[in-house]
Every structure is written in C-alpha cells, then in structure tokens.
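Just below is one structure, and these are the notes that go with it.
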Amino acid sequence: MAARVLAILAVAVLFADTSGFTVRETDRLDELPPSIRALLAKMTTEEKARQLVLDDAITVATYDGAFNETLAAAYLGGLGAGVLNWGRDVDPNLANAIQDAVVAASRHGIPALFAEECQHGVQGDHHTIFPSPPALAATFDVDLLRAVGAVVVGAEARAGGTAQCWAPVCGLAREPRWGRGEEELGEDAYLAGELAGAMVRGMTADGRLDSPNATSLLKHFVAYSVPEAGRNEGPAHMGPRELRETYARPFAKAVAAGATGVMSSYNEVDGVPVSGDAGYLEDLLRGELGFEGYVSSDFGAIHNLQSLHYTAADGPEAVRQFLEAGGSVNGHDYHADYEAIVANLTDSGRMASETLDLAAGRVLAVKRRLGLLRDVGGVAATGAYRTDPALVATRLGDAPSHRAVAARAAAESVVLLANDRVLPLDADALAGKIVAVVGPNGDEARMGDYSAAGWSGGAPSGGGNIDTFNMVPVLEGLRKALPRSDVVYAVGSSLSAARHWNVVQRHEWAVAAAFAATAPSVPYAPGFEPTTVAAGTQGLEATYFPDARLEGPAALSRLDFALNHHFFALGPDPARLPGGVFSARFRGLATPPATATRGRWGVLVHTGSDGEVRVSLEVDGVVLVDTFPNASAPTVSGPFAFEAGRAYDVAVNYSQSHSWNDGPAVALLWSLAEDDDDDELAKAKRLMDAADAVVAVVGGANNLRAPDGGNDSTEGEGVDRASLALTGRQRDLVDAALASASKSGAPLAVVLVDGKPTAEPLLKTAPAVLAAFNGGQAQGDAIAAVLVGAANPSGRLPLSFPASADVLPVFYDRKPSSARSGWCDVAESVLWAFGHGLSYSNVTYADVSVVPETASAATDEVLVRFTLAHAGGPPVVEVPQVYVRDVVSSVTTPLRSLKAFARVDLAPGETRRVELAISLDELRVLDRTMAWVLEPGTFEVYVGPASDDTPLSASFDVVSD
C-alpha cells in the first residue's frame with residue numbers, strides 16, 4: 001500500500017508576491033485592531049512607553065523570593081508593565097501576584113506579557129530538557145518538533161506563568177566557528193523552516209492563541225548566524241537576493257505558523273545594522289514575510305547602534321532609529337532610562353507620536369491575541385491573565401508523557417556516521433567483560449546552551465533538582481544497557497588546558513542512612529505523603545532550614561538526586577520554603593567511577609557581591625572546604641586519592657543570607673584527572689588496553705564553570721573558535737584508542753558530544769563514529785541504546801562536517817561556481833555531508849517517477865514517487881530526502897537543494913511505495929528585477945539517503961501558462 005508522506009508545511013507562499021521590494025510606512029496605525037487604537041487614544045505618552053520596556057519580573061517585584069508590594073509599587077508607578085522576563089523560577093502563585101499588581105497599577109488594566117527562553121525546553125527550574133536545536137534538526141521529524149512545541153514547551157511555559165517563548169531560533173548554522181551554532185536548526189533553509197514552523201504550531205496549539213499554551217518570539221532576525229570570520233556580532237556579507245532566498249526562509253515559515261514576536265539581531269547586513277533599519281524590520285519582515293507581531297531587540301542590540309556600529313551618536317538617537325525601523329521592545333537597553341528616552345523623543349517632536357503609537361500598539365495587539373486583553377465596548381480591556389496553579393502538578397518536567405517525548409527526541413537525534421561492522425556491540429559476548437568509557441564527556445550530561453540544566457552541567461542560568469534527576473550521561477546509560485559487563489571510566493583528557501571537573505552525577509550518589517522525607521523531590525509533585533527513604537537509594541539526603549544558620553527545626557527534608565542546584569530567587573521549594581534566605585545540609589555516599597592518585601574535590605558556588613553564600617565540605621569526617629569563617633576561602637581541596645568503586649561519606653553545608661535574580665548556586669564536583677596530562681592519558685591507555693570494548697566520548701561543551709576558576713568551554717555564546725579540531729588532549733586520546741583497538745582487536749566507537757561539527761580527519765579512521773550533539777536529558781540512554789543495538793539509529797546530519805576550518809564554508813547547497821575541492825594542499829573538504837546517517841539495516845531505493853511531468857505556475861505541487869525496500873537487518877526508520885536542481889535559470893541556483901523529506905518505517909522484508917510532495921512555491925527565485933517568479937524550464941530531482949548519496953534521479957518541466 002502506498003504511503004503518502006507530505007514533508008511541507010501548509011504555507012501558501014513563502015513571501016508576498018512582489019515586483020521589487022515592498023516599501024511600508026512606519027506609521028501604519030490601520031494595521032492595529034480598532035479596539036487597540038481606541039485604547040491608545042486613552043493612554044498617555046508615558047503609559048505607551050512603558051509597554052515597550054522589557055524588565056525582570058523577579059527584580060522589580062520580589063525580595064528574597066517573596067512578592068514585595070513596596071518594590072512592585074515603586075516600579076509600576078501607576079504605569080503597569082510591558083514585557084516581563086519571568087526568570088528561571090516556577091511559582092504560578094507569585095506570577096499571579098505580580099500580574100495582579102501590574103493590572104491594578106495600570107489605569108487601563110493592562111496585564112504584563114511574561115516571556116522566557118525556550119530554545120529546547122523552557123530555560124528554568126523543573127522543566128524538560130530536549131536535545132539542542134542541531135540535535136532536534138538531526139531527527140528530520142516535523143511531527144516530533146510539533147510535539148516538542150505543543151506537549152511540553154508551550155504547556156510547561158504556560159503552567160509557570162510564561163505566555164511567550166523566545167524560540168525557535170531560525171538562523172542557519174553555516175559558520176561552525178561561531179560559538180552559537182549550537183542554537184540553530186542546521187544549515188539548510190528548507191529543513192530549518194519546516195522544523196521551526198512545526199515547533200511554532202505546536203507552541204500555539206496550531207494557532208489557537210487563546211489556548212492554555214505559550215506563543216512564539218523568533219530569534220535572531222536576520223542573518224546573524226553567519227558573522228564575518230565566525231566572530232559573534234560580526235557583519236554578515238550578502239546581498240538582498242541571498243538574504244531572501246536563503247536566510248529569511250526559515251523566518252517566513254515560522255511567521256506563517258503563527259509567531260507573534262521577532263527578536264532583532266546584533267549584526268549588520270550589507271553595511272546596515274538590522275536593529276536600526278526599516279528595510280529589514282518593516283519592508284522585509286512585515287511587507288514580504290507578512291509578520292503581524294512586535295519586534296524586540298536582542299539584549300543590547302539597540303545600544304550597539306551607538307557603541308558598536310556607530311550609526312547613532314547617543315542613546316536617544318539609537319532608540320529613535322530602532323523605533324522608526326519598526327522595533328518596539330528593548331532588550332534591557334538603557335535599562336530604566338529607555339522609557340524616559342522614548343517619552344522625551346515623542347514630546348520633543350524628534351520622533352512622531354504615530355511611531356510610538358505603532359510600537360506600543362503592536363505589543364498591545366499581541367496581548368489581545370493572547371487573551372490578556374479583550375474587547376469591551378470597542379476598547380481593549382483586561383482579559384484572562386491569571387495562571388492556574390494546578391497546572392504545574394501535571395505539566396512540568398517530571399510528567400511521564402513529557403519524559404517520553406524527550407526520550408523519543410534523544411533517540412531520533414543520534415547519527416551513526418561510520419560503522420565498519422563494529423556496532424552494535426554484542427551484550428552477550430561482553431557479559432563478564434570490561435567495557436572502557438573514556439573521554440571528558442563520558443560522565444557528564446551535556447545539555448547545550450539555553451537549557452534548564454544544573455548550574456555546572458552546561459548552562460549557568462539553567463535549572464536545578466528535577467533536571468538533575470532526569471539527566472543521564474553516557475556512562476550511566478551504558479551501565480544500564482550492559483548490566484552484566486564491568487563498565488569502567490577514565491577522563492583521559494580535559495576539554496582544554498584547564499583541569500577537568502565533573503559534577504558528581506546522580507548515578508554516583510546513594511543515601512547514607514535511612515531518613516524521613518517530609519517533602520517530595522519535585523516541589524509540585526501531586527499526592528505526596530511523608531515517607532522513609534531507605535539507605536542505598538540513589539540520591540542524597542537534603543535537609544533545608546528556614547534561616548541561614550542551619551539551626552532550629554527543618555523546613556523540609558527530601559531526596560535530592562544530585563548536588564547541582566541553581567536556586568534562583570525563590571529557593572529550593574517555593575511551596576514549602578518560600579523566600580531566598582535558607583540553609584541546607586546535604587549528605588550521601590559518593591562513588592567515583594575512576595581512580596585518580598592526585599584528584600580534587602571542589603564546591604562550585606555562586607556568591608553575591610556581599611558574600612551571601614557560605615559552604616563547607618566534609619569527606620569521611622575530614623573537612624576539606626570551609627568558607628563559613630571566610631567567604632573568600634578556597635572551595636577546592638588539596639590533592640585527593642580517589643579509588644574507583646569506593647563509597648565516600650560526603651557532607652555539604654550550605655547557607656545563603658540573601659537571594660538575587662541571577663541566582664545563588666551550589667554544585668559538588670570532583671576532578672578525577674591526574675595533575676599531569678601525560679599521566680592522565682597513560683591511565684586511560686592502560687584502561688583501554690585491558691578492555692574488551694572501548695567507547696571514547698569526546699567533543700565540546702559550553703558555559704562550564706569550575707571551582708578553581710578554570711573554564712573548559714569550547715562553544716556557546718561568546719565562545720568562537722578559529723579551529724574546529726578536538727580540543728585539549730582529546731586527539732591524542734582518540735589516537736591512543738585507535739592504537740589500542742588495532743592491537744587488541746576490541747571494538748571501538750567514538751561518540752561526538754558537541755554542539756557543532758568537529759573537524760578532525762582522524763575520525764575517518766575510526767571503526768565506528770556517532771554524532772550525538774547535545775541530546776537533552778535522555779542522551780545517555782539514547783546513545784547507549786544505539787551502541788548495543790537496542791535502537792536502530794535514524795538521525796541524519798543537519799549540517800556538514802568540514803575536514804578543517806581552513807576549507808569553510810562547506811554547506812552542501814553550493815552554487816555551481818563554488819568549488820569544494822581543488823586546493824593544492826587539501827585532499828578533501830567534507831568529512832560527512834548534510835543528510836548523512838547510517839543504520840544497522842540495508843535499504844534500497846528504486847523506481848522513481850514524478851507526477852505530473854509537466855507543470856505550470858497554476859500547479860501547486862509535483863509528487864515524487866519511489867520504492868523503498870528493506871533488504872536486511874532489524875526494523876528501521878529510513879529518512880529519504882528529495883533534492884531539486886533548477887537546470888537553467890535567470891539567476892544562479894544551487895546544484896541541489898532539499899525540497900522534501902520524510903521518516904518511513906520499514907519492517908524486515910517490507911517494500912513500500914513512498915510519495916513526497918514538492919511545493920512549487922519552493923522553486924521560485926528572485927529574478928534580475930528582484931521579483932519572485934517560478935521560471936519555466938527543466939528541474940532535476942534526486943532521491944536518496946543523503947545530499948551526497950542520491951541513487952535515483954528524474955526530472956519535470958515547468959511551462960508558462
């Protein structure tokens with residue numbers, strides 16, 4: 001039976017039909033709903049200006065974790081609030097208290113719009129952590145991205161009070177030296193657009209903005225992801241055709257899906273700063289893409305007009321440029337002065353009052369679309385703004401259905417790059433044998449930037465306990481997948497020249513003695529009854545006190561799954577221990593997975609400017625760290641001899657006398673590496689030489705913090721790299737693993753855990769290589785399942801892996817004149833191409849046809865039909881990809897571009913006829929008059945499992961009407 005799979009969003013057109021570019025007026029108040037125009041007529045200049053301000057809800061309305069009426073009143077000042085960054089805390093009751101105050105302070109009863117980062121899960125405590133955007137893109141799964149947006153991101157955000165998610169990121173990862181490439185949905189405009197659109201539709205419940213889900217604000221408009229030399233905030237060099245045909249396309253799909261906000265970027269394009277130009281924010285974004293929401297600047301992008309681009313002489317001029325360009329909300333630019341600058345510009349006549357009305361009206365119109373405002377007598381008035389506190393019990397990150405979506409996403413994201421009959425590992429053959437895991441990413445759950453991970457787990461503004469509970473590193477995953485094997489570990493190399501530190505992971509903790517738990521591990525877990533936690537239970541005993549002195553009756557005792565907390569402003573349990581002043585005693589047995597003769601213990605703390613945090617560490621009765629007498633005392637022990645498999649009795653005392661918004665934090669780490677890099681590498685070699693199988697887990701990480709002040713970060717915002725090779729001594733570690741495997745014959749698999757491509761030709765010589773990117777909380781289980789054959793890999797590369805940074809760019813959809821070879825000193829430029837990904841099965845492609853063979857401009861789509869046959873191996877999900885080339889055109893077009901894809905289930909021996917649709921809108925080009933046209937001519941079609949592996953080809957013609 002034929003399977004019809006549509007791999008496109010139902011988008012009528014990508015861009016408005018134009019003959020040349022549309023020029024829009026910046027004072028078009030007629031675009032606003034009548035009720036919003038009527039409301040604006042009743043508002044003062046100051047009230048309108050307040051709607052354009054982004055502020056931090058916790059900072060302006062709370063103190064030490066509790067709502068503070070005095071602070072709130074001083075901030076609101078009878079003007080209310082525009083957009084409030086909710087922060088990383090979860091407390092719907094506090095959210096409601098703040099909103100009540102906002103509405104009461106506004107003469108017109110206008111609620112605030114609560115917003116938060118949500119790239120791959122809500123960036124806050126107790127939220128599900130999905131794979132990072134490149135890993136999500138590796139799934140090639142539109143339905144999954146919709147589920148990520150709907151089931152979890154939108155629902156979880158709304159349960160905590162957030163109405164708008166700053167996601168998805170719609171840039172293209174075509175400059176891998178740039179540290180923020182880990183935030184992009186791959187290098188291809190079609191793939192990124194399909195996935196971003198699906199995520200937006202999921203967030204907004206397929207466009208129903210009155211649903212109990214959140215809406216979307218897209219990042220970062222536009223062409224921010226291809227900065228000069230890969231340096232953050234650098235210029236983007238391209239003309240208007242490339243900008244529209246490539247970099248604006250994902251935004252077009254996400255706008256059509258219902259996004260209500262767009263974040264303007266830091267960069268300049270073709271010599272003009274995006275955040276200060278109406279050509280980008282009005283003509284392109286609204287006139288051509290059809291956007292109808294409001295524009296918020298990235299944090300500092302308005303100020304950059306003055307301090308980086310020098311197109312504005314001062315702050316008022318920068319603000320005027322932003323607003324007249326079509327912007328509305330500041331990204332904390334000029335802080336408290338922003339609204340005063342806006343009002344002064346208007347009152348002085350330097351800026352037309354209609355510009356302010358349009359900027360504020362667009363924010364208000366979004367609030368109306370979200371139901372925060374409703375029409376009463378023709379005027380927008382207070383709508384439904386309160387959050388149902390009961391939602392957190394079923395919607396946050398420990399919900400079984402949400403964990404299942406995260407596990408599905410992690411499983412689908414693993415890409416098998418190479419396999420010389422090494423994988424899957426034979427669990428039966430390895431029973432009673434040694435499996436060595438080596439590498440700095442082997443026993444750390446790397447979540448990626450903008451995630452709700454524990455503070456030292458990869459995102460210093462991420463979340464806490466519930467996330468630690470759900471995060472699984474590779475070592476733990478393999479130990480669960482190979483219970484009859486002795487799975488051992490060595491670090492082998494750090495990620496940089498700094499000492500390598502690991503957070504003590506959840507699987508390395510055990511309760512030292514039975515205790516009575518008076519609170520659940522997850523604050524909002526329903527139906528909790530006090531219980532006794534038995535000795536040996538995974539985790540540690542945590543006793544919290546309602547003061548900073550570790551004295552008096554405890555406020556609560558609970559099982560914490562690891563000591564890696566970012567408490568933010570609201571503390572460990574807003575429901576049972578409100579306020580930011582508290583102390584805690586943590587105790588448990590910690591068992592290191594590796595031996596180190598000169599290791600270290602360390603406590604990572606985030607202290608305030610006046611030393612609000614104190615901490616001590618005791619191991620087996622010996623005090624190793626103590627900052628209670630002196631807040632500036634070191635938090636790292638002296639050399640410590642760790643013995644793998646031995647349980648150490650650990651006690652940590654923690655105290656904070658104040659909370660602040662960027663958050664008190666505490667994490668227990670150990671360094672299981674030797675002082676000398678050569679000694680550590682030699683230790684790993686000995687482990688591998690004695691092993692019956694080796695898994696080397698290498699790559700990179702972002703936003704790392706270490707108790708000794710070191711920083712192992714190799715990627716992330718502001719961490720750009722000139723080289724894409726393995727860092728630290730990781731290349732030496734892989735080389736040693738290859739030598740060991742060659743000598744012993746033991747199977748070797750190299751696993752890349754990284755936010756972006758690794759350019760390391762040595763990897764091509766490895767028997768098996770997996771690219772796992774940052775796979776979210778279930779990454780360790782997903783990787784282990786692929787390694788042992790419990791799962792058949794189905795991930796595909798969403799971006800090309802270069803041979804080195806010297807040969808960039810290497811994105812696959814190059815123009816005919818853009819060579820990817822021919823250097824006198826480089827043999828190859830691409831290690832693995834876009835779309836590549838192997839499985840444990842053999843799938844054949846045959847019998848391609850295109851219907852109709854002749855199309856016209858009146859034709860909506862052509863259908864590509866072909867046959868997939870399962871020719872051996874386990875059940876598989878095959879990912880066929882359809883590429884198109886415009887053979888002759890008036891302007892140059894790529895040699896091939898992805899235009900359709902699908903995930904197709906095949907059982908052993910099954911043959912399936914597959915039909916994919918190519919929308920003819922996807923084939924339009926900007927001709928030499930800059931008009932979007934579908935040009936007559938022949939289009940070649942290529943079908944296969946990767947951009948560089950397309951065994952089937954066909955063609956169709958487009959004729960004039």
Side-chain angles (χ1 to χ4, degrees), residues 119-122 127-149 151-153 156 182 185-186 195 199 397-417 423-424 441-454 457-459 462 466-481 505-507 695 697 699 701 749 751-755 770-798 837 839 877 879 903:
Q119 280 187 21
H120 48 119
V122 181
H127 291 287
T128 307
I129 307 173
F130 291 96
S132 61
L136 287 173
T139 69
F140 277 62
D141 192 337
V142 172
D143 292 336
L144 171 67
L145 267 288
R146 185 190 175 283
V148 169
V151 178
V152 184
V153 175
E156 288 189 10
E182 64 174 19
L185 288 164
L195 298 179
M199 190 172 181
D398 200 37
S401 61
H402 294 194
R403 292 202 309 269
V405 177
R408 171 189 168 191
E412 293 185 10
S413 71
V414 178
V415 183
L416 180 59
L417 297 178
L423 298 178
N441 286 345
D443 192 33
E444 189 81 82
R446 303 295 188 202
M447 297 294 103
D449 215 348
Y450 288 92
S451 70
I466 182 61
D467 309 312
T468 304
F469 167 57
N470 286 323
M471 291 193 295
V472 180
V474 176
L475 179 62
E476 180 186 3
L478 271 174
R479 285 180 169 175
K480 291 191 293 183
Q505 298 291 309
R506 67 168 196 166
H507 68 102
V695 177
V697 190
V751 180
L752 298 172
V753 174
D754 207 340
L770 277 71
F773 300 100
N774 295 310
Q777 63 188 41
Q779 181 178 64
D781 286 334
I783 292 171
V786 168
L787 289 172
V788 304
N792 199 351
S794 63
R796 300 294 185 266
L797 284 183
S839 72
V877 176
V879 184
R903 292 175 61 87

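Basis for what follows: all heavy atoms, side chains included, without hydrogens, waters or symmetry-related copies.
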pair [X]-[Y]: side-chain heavy atoms closer than 4.5 Å:
| X | Y | answer |
| --- | --- | --- |
| Val695 | Ile783 | no |
| Leu195 | Val142 | yes |
| Leu423 | Leu770 | yes |
| His120 | Ser451 | yes |
| Gln119 | Asp449 | no |
| Val753 | Glu444 | no |
| Leu797 | Leu417 | yes |

Of the non-hydrogen atoms in [X] and [Y], which two are nearest, and what is the gap between them?
| X | Y | result |
| --- | --- | --- |
| Asn774 | Gly448 | ND2-CA, 3.6 Å |
| Val415 | Gly837 | CG1-CA, 3.9 Å |
| Pro131 | Gly775 | CG-O, 3.3 Å |
| Ala409 | Leu136 | CB-CD2, 4.2 Å |
| Pro473 | Met471 | CD-O, 3.9 Å |
| Glu182 | Pro133 | O-CD, 3.4 Å |

Inset, instruction - Using side chain to side chain donor-acceptor pair (under 3.5 Å) as the criterion, list what pairs up with Glu156, not counting sequence neighbours. - result: His127, Thr128, His402

Legend entry - Thr139: partners by side chain to side chain donor-acceptor pair (under 3.5 Å), with sequence neighbours left out: none

Legend entry - With Arg408 via salt bridge (Lys or Arg N to Asp or Glu O under 4.0 Å) - residues at least two apart: Asp141, Glu412

Inset, instruction - Mind checking salt bridge (Lys or Arg N to Asp or Glu O under 4.0 Å) for Asp781 and listing every partner two or more places apart, or none if nothing turns up? - result: Lys480

For [X], side chain to side chain contact (heavy atoms under 4.5 Å, CB included) partners two or more places apart:
| X | value |
| --- | --- |
| Pro798 | Ala137, Ala138, Leu191, Phe773 |
| Ala790 | Ala785, Val788 |
| Ser839 | Asn792, Ser841, Val876 |
| Ala782 | Ala410, Val414 |

Legend entry - Point-to-point distance, once rounded to the nearest 0.5 Å, from CZ of Arg796 to CG of Leu416: 9.0 Å

Inset, instruction - Please round to the nearest 0.5 Å and tell me the distance separating atom CZ of Arg446 and atom CG of Asn441. - result: 4.5 Å

Inset, instruction - Taking ring-ring contact (aromatic ring centres under 6.0 Å, His included) as the test, write out the residues that go with Phe140, two or more places apart. - result: Phe834, Phe901

Inset, instruction - Ignoring hydrogens and angles, tell me if any N or O in the side chain of Asn470 forms a donor-acceptor pair with the backbone of Gln777 under 3.5 Å. - result: no

